[in-house]
Amino acid sequence: MSRALVLGGGGLAGIAWEIGLLAELTHGGSDLAAADTVIGTSAGSVVGALLRTEQSLDEQLAAHLEGAGAGAELTVKLDIDLLANMFGEAISGARDLPGALSRIGAMALATPTVTEAERRRVIEARLPRHEWPARRLVVTAIDAERGTLVTFDQDSGVPLVDAVAASCAVPGIWPPVSIDGRRYIDGGSGSATNATLAAGHDTVLVMAPATTLGRGPFLGIEDEVHDLEKSGSRVLVVTADDAARAAFGLNSLDPAVRPASARAGRRQGWSLSDAVRAFWTAGTTGTTGVAGT
């Protein structure tokens, strides 16, 4: 039986929530670090790298609960209306998903931001280890010009820090990342989870601080779950509940939201511990569903 863990995007709030959730589920008996494949998108790329390279997430959890390391982060105002308009214009003027994403990429390339070097230092500080882990980790990004989904892993020849920086390059907020002559934006630009990359695994556990409904050329989480089920996978989606979303606040990129978000993740991890352990350790039969909504 092969198992995949999919970690979705959600800013600094999402990183803290996922760390709290994973730590509590691990203490509850779910060995999620033993997944055959970990797929990380945006915030999930950071957490996936930590899960694969750290012996335990407890130290990371303690740091988030205490608000430690906030000085290494860059403060930014998250303009939800601006991002919504950006994506709205992309949808209205595109025939397909690559077309929509290339339009978003063009907007990101034209938006003034901090330098790539400044942003890279932030990602370096988030990752205690900068080498790809031995166990399979897949990090997603979007080619800004072509609008295509790209995956990086230990065989891609791309440094882990650059791959994660690309996956976290929120369009209109952070600079697109340069890798081998191409520019890349946030892996969550087309899908908050890119869960369909887990096709072929018997068991797929998706942890998504935020999920979206399908709109225009963009797939929603329901579409992705449907596609995975058609391929023969058992799927469980764990999403942030109302209390967790309240903890995230209005700016999920604000370092100040990390303690409350980490606590919310721990609380959900505790409440879902038995259900996730039963799903993760079960055989190839069972039900699919969504938890934590």
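Residue numbers start at 1 and run along the sequence shown. Quick note: numbers below take in every heavy atom, side chains included, and nothing from hydrogens, waters or symmetry partners.
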Would a distance-only check, ignoring hydrogens and angles, find a side-chain to backbone donor-acceptor pair under 3.5 Å from [X] to [Y]?
{"X": "Ser191", "Y": "Gly188", "value": "no"}
{"X": "Asn194", "Y": "Leu197", "value": "no"}
{"X": "Glu73", "Y": "Val122", "value": "no"}
{"X": "Arg234", "Y": "Phe279", "value": "yes"}
{"X": "His130", "Y": "Leu160", "value": "no"}
{"X": "Ser233", "Y": "Glu229", "value": "no"}
{"X": "Ser92", "Y": "Gly88", "value": "yes"}
{"X": "Arg119", "Y": "Cys168", "value": "yes"}
{"X": "Gln268", "Y": "Thr239", "value": "yes"}

Taking the side chain as everything from C-beta on, heavy atoms only, tell me whether [X] gets closer than 4.5 Å to [Y].
{"X": "Met207", "Y": "Val6", "answer": "no"}
{"X": "Thr193", "Y": "Ile39", "answer": "no"}
{"X": "Leu149", "Y": "Ile142", "answer": "yes"}
{"X": "Ile221", "Y": "Val237", "answer": "yes"}
{"X": "His64", "Y": "Ile15", "answer": "yes"}
{"X": "Val276", "Y": "Leu236", "answer": "yes"}
{"X": "Val257", "Y": "Asn251", "answer": "no"}
{"X": "Leu7", "Y": "Val38", "answer": "yes"}

Mind checking side-chain contact (heavy atoms from CB on, under 4.5 Å) for [X] and listing every partner two or more places apart, or none if nothing turns up?
{"X": "Asp162", "answer": "Arg120, Val158, Pro159, Ile179"}
{"X": "Ser167", "answer": "Ser45, Val139, Thr140"}
{"X": "Arg277", "answer": "Ser30, Ser273, Asp274, Thr281"}
{"X": "Ala117", "answer": "Thr115, Arg121"}

Which atom pair, heavy atoms only, marks the closest approach of [X] to [Y]?
{"X": "Gly8", "Y": "Pro209", "result": "O-CD, 3.9 Å"}
{"X": "Leu65", "Y": "Ala262", "result": "CD2-CB, 3.7 Å"}
{"X": "Phe248", "Y": "Ser261", "result": "CD2-OG, 3.3 Å"}
{"X": "Arg267", "Y": "Ala243", "result": "NH2-CB, 3.3 Å"}
{"X": "Thr111", "Y": "Gly172", "result": "CG2-O, 3.7 Å"}
{"X": "Ile185", "Y": "Ser189", "result": "CD1-OG, 3.7 Å"}

Which residue pairs pass the salt bridge (charged side-chain N to carboxylate O under 4.0 Å, His left out) test when at least one of the two sits in [range], sequence neighbours left out?
{"range": "residues 247-263", "value": "none"}
{"range": "residues 38-64", "value": "Glu54-Arg129"}
{"range": "residues 3-27", "value": "Glu24-Arg266"}
{"range": "residues 163-184", "value": "Glu116-Arg183, Asp143-Arg182, Glu145-Arg182"}

Filter on ring pair (Phe, Tyr, Trp, His ring centres under 6.0 Å), then keep only pairs touching residues 19-50, sequence neighbours left out; what's left?
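Ring pair (Phe, Tyr, Trp, His ring centres under 6.0 Å) check on residues 19-50 returns no pairs.
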Any ring pair (Phe, Tyr, Trp, His ring centres under 6.0 Å) involving residues 132-188? Give me the pairs, sequence neighbours left out, ordered by first then second residue.
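Found Phe152-Tyr184.
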Evaluate whether atom CD of Glu118 has more than 12 neighbouring non-hydrogen atoms of other residues, nucleotides or ligands under 6.0 angstrom away.
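Yes, the 6.0 Å shell around CD holds more than 12 heavy atoms from other groups.
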Honestly curious: do [X] and [Y] fall in one hydrophobic cluster under the side-chain, below-4.5 Å linking rule?
{"X": "Leu272", "Y": "Ile19", "answer": "yes"}
{"X": "Leu57", "Y": "Leu127", "answer": "yes"}
{"X": "Leu109", "Y": "Val177", "answer": "no"}
{"X": "Trp17", "Y": "Leu32", "answer": "yes"}

May I ask you to decide whether Asp242 forms a salt bridge with Arg245, counting only side-chain N to carboxylate O separations under 4.0 Å?
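The answer is yes: the pair qualifies as a salt bridge.
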Spacing of CG belonging to Leu137 relative to OG1 belonging to Thr37, to within rounding of 0.5 Å:
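If we round to the nearest 0.5 Å, Leu137:CG and Thr37:OG1 are 9.5 Å apart.
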How long is the gap from OG1 on Thr53 to CG on Leu50, to the nearest 0.5 Å?
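So the gap between those two atoms works out to 5.5 Å.
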Using distance alone, with no hydrogens and no angle criterion, decide if Asp36 and Ser2 have a side-chain donor and acceptor under 3.5 Å apart.
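Short answer, no.
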Listed partners of Asp153 passing side chain to side chain donor-acceptor pair (under 3.5 Å), at least two apart
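With neighbours one apart ignored, the set is Arg136.
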Leu74/Leu253 under side chain to side chain contact (heavy atoms under 4.5 Å, CB included): CA gap, chis, key distance, verdict
CA-CA 9 Å; Leu74 297 171; Leu253 301 180; over 6 Å; no
Show your working on side chain to side chain contact (heavy atoms under 4.5 Å, CB included) between Val238 and Leu21 and close with a plain yes or no.
CA-CA 10 Å; Val238 177; Leu21 182 70; 3.9 Å; yes
Sorted by first residue and then second, give each side-chain hydrogen bond (donor to acceptor under 3.5 Å, both in side chains) pair with at least one member in residues 99-108; sequence neighbours left out.
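Those involving residues 99-108 do not exist here.
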Checking Ser42 against Asp186 for the side-chain hydrogen bond (donor to acceptor under 3.5 Å, both in side chains) test, could you report, in this order, the C-alpha distance in whole Å, the side-chain angles of both residues, the deciding distance, and whether it holds?
CA-CA 6 Å; Ser42 198; Asp186 196 303; 2.9 Å; yes
